[in-house]
Amino acid sequence: MDRDDIKRVVESHVEACRRSLDAGFDICEIHGAHGYVIQQFLSPITNQRNDGYGGDLAGRMRFCLELIEAVREAWPKDRPLFFRASCVDGKGGAWELDDTVALARELKTRGTDVIDCSSGGIEGPLTLAVVPRVPGYHVPFAERIRREAGIATMAVGLITQAAQAERYLAEQRCDLVALAREMMWDPNWPIHAAQQLGGVDPLDLAPKSYAWWLRRRDEVRKLYPTGKEAAE
Ligand SMILES: Cc1cc2nc3c(=O)[nH]c(=O)nc-3n(C[C@H](O)[C@H](O)[C@H](O)COP(=O)(O)O)c2cc1C
């Protein structure tokens, strides 16, 4: 990529961000992880440039930071800007958590609100060798980044239980949790989690028309609490 290509890719991100705004999105998240172009600039494995966009960490971060500055300019100040980061790469040793902490500090000064903590993408699609898939496997990254860079973080990866998610938040190990596969299995996960954790009427979280019908359902269920009648 020459300088014109770099300008064009930055501008494309800005245009995408404007389209997201027109479409009514509340949050803009820039994907800086999983082997996409931003991470290709960040990682010394893929970035072998010998101009101002390569070399040391500052040089490798330059493309990312210029892009974030341009997007932040286009995205309204009162709407949060997230950055999805591969906290460590797939190989180990090339892009480490310390590098992500340094990047997060720079992103924060440029108006990024949240680091969405993921991993991998360079040197293989997964980080199984460096990040074992245990419950909440990115939480330790989210915890260190929020503590050391002073920026809000979101954790993702095998967060499946309401109490588990709540514990990470209560222990201030992250500021937000994200779920993917569990939401595919149970798209009403947030409503069920609210029901288990209490403190909020779960149906307040449902679309209004669903809530109307589900409240009627509750009334009927009160008449037949065991469900035994249906089985008989
Ligand atoms: C069907 C599917 C599609 C995904 N697509 C993306 C994607 O486009 N971009 C991305 O950053 N992560 C993507 N992911 C990864 C998830 O965002 C998430 O990080 C990962 O599944 C781990 O979280 P989980 O254990 O809650 O599923 C995808 C995951 C699934 C299951």
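Both ligands and their constituent atoms are indexed starting at 1 by order of listing. Worth saying up front: this structure is predicted, and the values here are computed from it rather than measured.
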Those residues that, when tested against Arg18, pass side-chain hydrogen bond (donor to acceptor under 3.5 Å, both in side chains) (two or more places apart): none
Geometric class of the Phe63/Phe41 ring pair [parallel <30°, tilted 30-60°, perpendicular >60°]: parallel
Results of salt bridge (charged side-chain N to carboxylate O under 4.0 Å, His left out) for Glu15 - residues two or more places apart only: none
Please tabulate, line by line, the atom pairs linking an N/O of ligand 1 to a protein N/O at a distance below 3.5 Å, with the distance in Å to 0.1, or answer 'none'.
residue  : atom   : partner : partner atom : Å
ligand 1 : 11 (O) : His31   : NE2          : 2.6
ligand 1 : 11 (O) : His34   : ND1          : 3.2
ligand 1 : 11 (O) : Arg84   : NE           : 2.7
ligand 1 : 11 (O) : Arg84   : NH2          : 3.4
ligand 1 : 12 (N) : Arg84   : NH2          : 3.4
ligand 1 : 17 (O) : Arg84   : NH2          : 3.1
ligand 1 : 19 (O) : Arg84   : NH2          : 2.8
ligand 1 : 25 (O) : Leu158  : N            : 2.7
ligand 1 : 25 (O) : Arg181  : NE           : 3.4
ligand 1 : 25 (O) : Arg181  : NH2          : 2.6
ligand 1 : 26 (O) : Ala180  : N            : 2.9
ligand 1 : 27 (O) : Arg181  : N            : 2.9
ligand 1 : 27 (O) : Arg181  : NE           : 2.6

ring-ring contact (aromatic ring centres under 6.0 Å, His included) partners for Phe83, two or more places apart: none
Short side-chain to backbone donor-acceptor contact, Trp189 and Thr160, under 3.5 Å: yes
Donor + acceptor pair across side chains of Trp95, Ser86 (<3.5 Å): no
